[in-house]
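Quick notes on the structure that follows.
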Amino acid sequence: MDGHRLSLRIPMLPRDTNTLGHIFGGHILSCIDLAAAEHAQSIAFKKYVTKIFREVNFFSPVRVGDTASFYTRTK
């Protein structure tokens, strides 16, 4: 991934599942937010807040036991 860096790798746990047995989308959004925060802190040590999520597309379910990797880049 050109220009992207690994910001967060996290195993998906049973406590994070929805009623279908897949990882809850809200948990994935939380992980995205954590990866963005880690990336921002690596650039400049300041306090940051999430302003907006423009779009998140879920193409396939994430399952318990999967390790999700979150990559970031600065535009």
Side-chain angles (χ1 to χ4, degrees):
M1 294 186 136
D2 190 32
H4 293 77
R5 67 178 212 129
L6 179 64
S7 290
L8 180 68
R9 282 180 56 96
I10 188 162
M12 298 293 114
L13 304 174
R15 69 175 182 224
D16 303 319
T17 57
N18 62 21
T19 57
L20 298 174
H22 302 136
I23 300 302
F24 179 60
H27 180 66
I28 300 297
L29 293 176
S30 175
C31 292
I32 292 169
D33 203 33
L34 288 170
E38 191 282 328
H39 180 80
Q41 292 265 317
S42 73
I43 294 169
F45 190 74
K46 298 179 181 180
K47 292 183 179 181
Y48 295 94
V49 298
T50 301
K51 180 178 177 182
I52 189 170
F53 273 72
R54 287 199 178 101
E55 184 176 344
V56 177
N57 294 309
F58 295 96
F59 294 107
S60 60
V62 179
R63 303 186 191 289
V64 172
D66 289 348
T67 298
S69 300
F70 298 87
Y71 293 84
T72 56
R73 70 183 168 99
T74 302
K75 278 185 138 179

ILVMFWY cluster, V56 and M12 together (side-chain gap under 4.5 Å):
yes

Can you pull out every salt bridge (Lys or Arg N to Asp or Glu O under 4.0 Å) where at least one residue sits in residues 39-66? Sequence neighbours excluded, please.
none

Cluster overlap L34 with L29, hydrophobic side-chain contacts below 4.5 Å
yes

Is there a path of hydrophobic side-chain contacts, each under 4.5 Å between heavy atoms of I, L, V, M, F, W or Y residues, that connects F70 with V64?
yes

Considering all heavy atoms of both residues, which atom of A35 and which atom of S7 are nearest to each other, and what is their separation?
O-CB, 3.7 Å

Look up atom OG1 in T72 and atom NE2 in H4, then write down how far apart they are to the nearest 0.5 Å.
8.0 Å

Work out which heavy atom in L13 is nearest to a heavy atom in I23; give both atom names and the distance.
O-CD1, 3.8 Å

Over 12 non-hydrogen atoms of neighbours within 6.0 angstrom of CZ in F53:
yes

Spatial distance of atom SG (C31) from atom CG (D16) [nearest 0.5 Å]:
7.5 Å

Could you state the interatomic distance from NE2 (H39) to CG (L8), rounded to the nearest 0.5 Å?
13.5 Å

Honestly curious: do I32 and Y71 fall in one hydrophobic cluster under the side-chain, below-4.5 Å linking rule?
no

